[in-house]
Amino acid sequence: MRIVVLAGPPCSGKTTLAHTIAKREDVVLDYDHIAQALGSPVEWIHPEPYRTQAEQHMQAAIAQAYHHPAHGTAWVLRTAPHPTSRQALAQRWRAQMYVLNPGKTVCEQRALDTGRPRGTRTRIGQWYHRYQPWLGDLDPGLLHPDWANPRGTVALDPGTV
């Protein structure tokens, strides 16, 4: 399968975009859904041991998709604020890397609007504090025009939104 990584902060739209563009033969690999399938009692910000188990299952699912001879795409959802992390993912799985970056203010508002748990706004802030662009980052507007980053940028300064 082809591997496509959708990276970005919490509440940036990774899950929504993946389910919007995924075809019937595609698979969406979502850490939160995996943790819930393993029995996590919450939708986000999972407690141990679910975090560790979900990450192990996520890595195994990516490897399985990568080695699967079927046509289709595995949509891998990650936060990955560091460019070295995104580059490593792209190189290891020969993946395309799209960064959803609607801006810190938009993500924080979405967290409030969707009733995300305490700590989500902190995680959004941490992502924007740690985020650095990488030359291999692609704008998700190339996948679907409604998801283009503001002004077509990937390396968005949250203060300009």
Side-chain angles (χ1 to χ4, degrees), residues 1-36 43-46 54-55 57-68 70-111 113-114 116 120-121 123-161:
M1 294 187 99
R2 175 178 86 136
I3 306 293
V4 175
V5 178
L6 301 178
C11 301
S12 60
K14 300 179 297 290
T15 301
T16 303
L17 174 58
H19 287 286
T20 298
I21 60 179
K23 297 180 177 131
R24 192 170 56 235
E25 66 272 12
D26 295 350
V27 62
V28 176
L29 300 177
D30 183 335
Y31 168 87
D32 289 318
H33 290 163
I34 291 170
Q36 288 179 292
E43 289 184 76
W44 307 283
I45 310 178
H46 307 282
E55 186 57 35
H57 279 77
M58 181 76 160
Q59 292 299 322
I62 297 169
Q64 182 180 9
Y66 177 74
H67 295 293
H68 197 279
H71 297 287
T73 300
W75 300 96
V76 178
L77 312 183
R78 304 304 299 195
T79 53
H82 296 281
T84 53
S85 298
R86 294 191 308 280
Q87 182 179 14
L89 280 167
Q91 289 176 344
R92 181 173 184 190
W93 305 115
R94 295 187 184 114
Q96 292 177 307
M97 181 67 59
Y98 293 87
V99 176
L100 283 76
N101 189 353
K104 183 178 177 185
T105 304
V106 171
C107 293
E108 288 175 339
Q109 187 60 53
R110 288 177 182 171
D113 292 345
T114 59
R116 294 288 182 111
T120 302
R121 289 186 68 200
R123 284 175 168 76
I124 292 167
Q126 289 170 340
W127 189 91
Y128 277 98
H129 178 74
R130 295 175 181 156
Y131 172 72
Q132 294 176 14
W134 170 55
L135 289 176
D137 292 338
L138 299 169
D139 189 300
L142 298 170
L143 297 170
H144 192 290
D146 291 345
W147 266 268
N149 288 321
R151 296 183 207 89
T153 62
V154 175
L156 178 70
D157 175 359
T160 63
V161 177

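We use all heavy atoms of the structure for the numbers below, so side chains are in, but hydrogens, waters and symmetry mates are not.
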*asked:* Using side chain to side chain donor-acceptor pair (under 3.5 Å), reason through Gln36 and Asp32 one step at a time and then give a plain yes or no.
replied: CA-CA 6 Å; Gln36 288 179 292; Asp32 289 318; over 6 Å; no

*Start with the C-alpha distance between Tyr128 and Asn101, add both sets of side-chain angles, then the distance that settles side chain to side chain donor-acceptor pair (under 3.5 Å), and finish with yes or no.*
CA-CA 9 Å; Tyr128 277 98; Asn101 189 353; 2.8 Å; yes

_Walk me through whether Met97 and Leu138 qualify under side-chain contact (heavy atoms from CB on, under 4.5 Å)._
CA-CA 6 Å; Met97 181 67 59; Leu138 299 169; 5.9 Å; no

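- Residues Thr120 and Ile124 form a side-chain contact, since some pair of their non-hydrogen atoms from C-beta on lies under 4.5 Å apart.
- Interatomic distance, Ile45 CD1 to Arg123 CZ, rounded to the nearest 0.5 Å: 4.0 Å.
- With a 4.5 Å cut-off on side-chain heavy atoms, Thr20 and His144 count as touching.
- Nearest heavy atom pair, residue Pro102 against residue Pro150, reads O-CG, 3.9 Å.
- Looking at Tyr131 and Val99, their side chains come closer than 4.5 Å, going by heavy atoms from C-beta outward.
- Atom CD1 of residue Ile62 and atom NE2 of residue His67 lie 11.5 Å apart, to the nearest 0.5 angstrom.
- Nearest heavy-atom pair across Asp26 and Gly72 is OD1-CA, 3.4 Å.
- Between Arg116 and Arg121 there is no side-chain heavy-atom pair separated by less than 4.5 Å.
- Inter-residue side-chain proximity for Ile3 and Leu89 is flagged as unmet; no heavy-atom pair is nearer than 4.5 Å.
- No side-chain heavy atom of Trp147 sits less than 4.5 Å from a side-chain heavy atom of Asp139.
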*Check the pair His33 / Thr15 against side-chain contact (heavy atoms from CB on, under 4.5 Å), numbers first and verdict last.*
CA-CA 10 Å; His33 290 163; Thr15 301; 4.1 Å; yes

*Can Arg92 and Tyr66 be said to form a side-chain contact (heavy atoms from CB on, under 4.5 Å), step by step?*
CA-CA 10 Å; Arg92 181 173 184 190; Tyr66 177 74; over 6 Å; no

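- Between the CG atom of Asn149 and the CG atom of Leu142 there is a distance of 9.5 Å, given to the nearest 0.5 Å.
- When the shell of 6.0 Å around CD of Gln64 is examined, it contains 12 or fewer heavy atoms from other residues, nucleotides or ligands.
- Applying side chain to side chain contact (heavy atoms under 4.5 Å, CB included) to Arg110 and the options Pro10, Cys11, Pro9 leaves one that passes, Cys11.
- We find the CZ-CG distance between Arg86 and Asp137 to be 4.0 Å, quoted to the nearest 0.5 Å.
- Counting only heavy atoms from C-beta outward, the side chains of Tyr31 and His57 never approach each other to under 4.5 Å.
- In this structure, NE2 in His68 is found 7.0 Å from CE in Met1, a value given to the nearest 0.5 Å.
- Within the 4.5 Å cutoff, the side chain of Val76 has no heavy atoms near those of the Val4 side chain.
- Tested against Trp75 for a side chain to side chain contact (heavy atoms under 4.5 Å, CB included), the candidates Val5, Leu29, Ile21 yield a single pass: Ile21.
- For the side chain to side chain contact (heavy atoms under 4.5 Å, CB included) with Arg2, the qualifying choice from Arg94, His71, Gln96 is Gln96, the only one to do so.
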*asked:* Walk me through whether Leu17 and Tyr98 qualify under side-chain contact (heavy atoms from CB on, under 4.5 Å).
replied: CA-CA 11 Å; Leu17 174 58; Tyr98 293 87; over 6 Å; no

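- Considering OG1 of Thr79 and NE2 of His82, their distance stands at 9.0 Å, rounded to 0.5 Å.
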